[in-house]
Amino acid sequence: MTTTQLSFYLLCYFINTCFCIHLYQITPPVDHGEGPTWDCRKNLLYFVDIHAGNVYSYEPSSGNLHSIHLNGEVSPVIPSKRDPELLIVGVNRTVVAVEWNGNSSDYQSKPLVTVSKQFPMSRFNDGKADKQGRLWFGTMGYETSTSLAPNQGSLYKITRDNLHNPSVMISPVNISNGLAWNKANNKFYYIDTPTRKIVEYDYDDAGGEIKNGRVVFDLSWYSSIKGFPDGMTIDRDDNLWVALYSGSAVIKVDPKTGYLLQIVAIPAEAVTSVIWGGQNLDVLYITTSRYRLNKEQRLKQPYAGSVFALTDLGTGGVKGFKADIVDEI
């Protein structure tokens, strides 16, 4: 495949200033793209197709796209600190270590721990590693294409020491979603999607603890903005970039003021997540979904389910943290 199948020329408005950014389709559509993660050691973008059980790697320099299939619904995927070919993946409600070089069909896997046994139909949805390599993985209740079981999710902290009994950090939640830490590493941001809110917590990195949750952004403050906040990342200026599921957009938010700074339209209704990548960490990779679209809607949104690359934003991200809970399978 080619690295760029489609490019969009966008005019974006930012505080009364009009400027140009560029959006590129970089992969063919999948059913429910999610969980983009950039590994700067290998210059690879990982992402998943949740319901299909596929983990993908995308190499921007060549445009090569590879995948493996796991037995279950998969999300998220986090590279390991000590071994670039060891990934930590959520499969249904189980944390799984996967050994994969990112460009073959061969892999090995080992289950590590299963959570939320009181909600056997729930599954992992989003997650990241913190600076110390602890995993913050969140679950959500059982969903169909039209409904969701409420209050059956939790946010877990998973470490080497508590691997067999992960700590519950936030519960109950509906759909555990976007996570981010600020540059000073003393604030933690979190989304429970149906609430339409971003909550900021005071963060203690030494113990991996959060407290004093407060709403710093609420989509209901802006009546013109549609959809629900989904995946989230943070830029080098400590502004949040948020995917809007059912909103056809990515938004930029200043959590210090609660101001909406920027809106970027995406040619897919269900925008699922975002992450900074590229050699200079100045490309915003965006996953989308077509899972809930009927046949007619898919014809109207032919790019839904694709991964996009957004460039020329005038900012970028910082290196993502890696998992440090196991060394090998």
With no hydrogens and no angle check, is any side-chain donor or acceptor of [X] less than 3.5 Å from a backbone partner on [Y]?
X: Asn125; Y: Asn177; result: no
X: Asn162; Y: Lys157; result: yes
X: Arg196; Y: Gly227; result: yes
X: Thr159; Y: Arg134; result: no
X: Lys183; Y: Arg236; result: yes
X: Ser80; Y: Leu87; result: no
X: Arg93; Y: Ser116; result: yes
X: Asn92; Y: Thr94; result: no

Do [X] and [Y] make a side-chain contact, defined as non-hydrogen atoms from C-beta onward lying under 4.5 Å apart?
X: Leu155; Y: Trp136; value: yes
X: Met121; Y: Gln152; value: no
X: Thr233; Y: Leu284; value: yes
X: Ser109; Y: Glu99; value: no
X: Val89; Y: Val48; value: no
X: Ser57; Y: Trp100; value: yes

Ion pair Arg292/Glu269, N-O distance below 4.0 Å:
no
Cationic N near anionic O, under 4.0 Å, Arg160 to Asp327
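A salt bridge is present here (some side-chain N lies under 4.0 Å from a carboxylate O).
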Hey, are [Y] and [X] close enough side-chain-wise for a donor-acceptor pair under 3.5 Å?
X: Ser75; Y: Glu34; answer: no
X: His69; Y: Asn54; answer: yes
X: Thr272; Y: Thr287; answer: yes
X: Asn101; Y: Ser104; answer: yes
X: Gln132; Y: Asp205; answer: yes

Could you check Tyr56, Tyr58, Tyr285 and say which one makes a ring pair (Phe, Tyr, Trp, His ring centres under 6.0 Å) with Phe47?
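Result for ring pair (Phe, Tyr, Trp, His ring centres under 6.0 Å) with Phe47: Tyr56.
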Parallel under 30°, tilted from 30 to 60°, perpendicular over 60°: which one fits the rings of Trp181 and Phe321?
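Trp181 and Phe321: perpendicular rings.
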Parallel, tilted or perpendicular: rings of His22 and Tyr24 (30°, 60°):
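It falls in the parallel class, under 30°.
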Tell me if the aromatic rings of Tyr245 and Phe228 count as close, with their centers under 6.0 Å from one another.
no
Looking only at the aromatic ring of each residue, does the gap between the centers of Tyr203 and Tyr190 stay below 6.0 angstrom?
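No - the distance between ring centres of Tyr190 and Tyr203 does not fall below the 6.0 Å cut-off.
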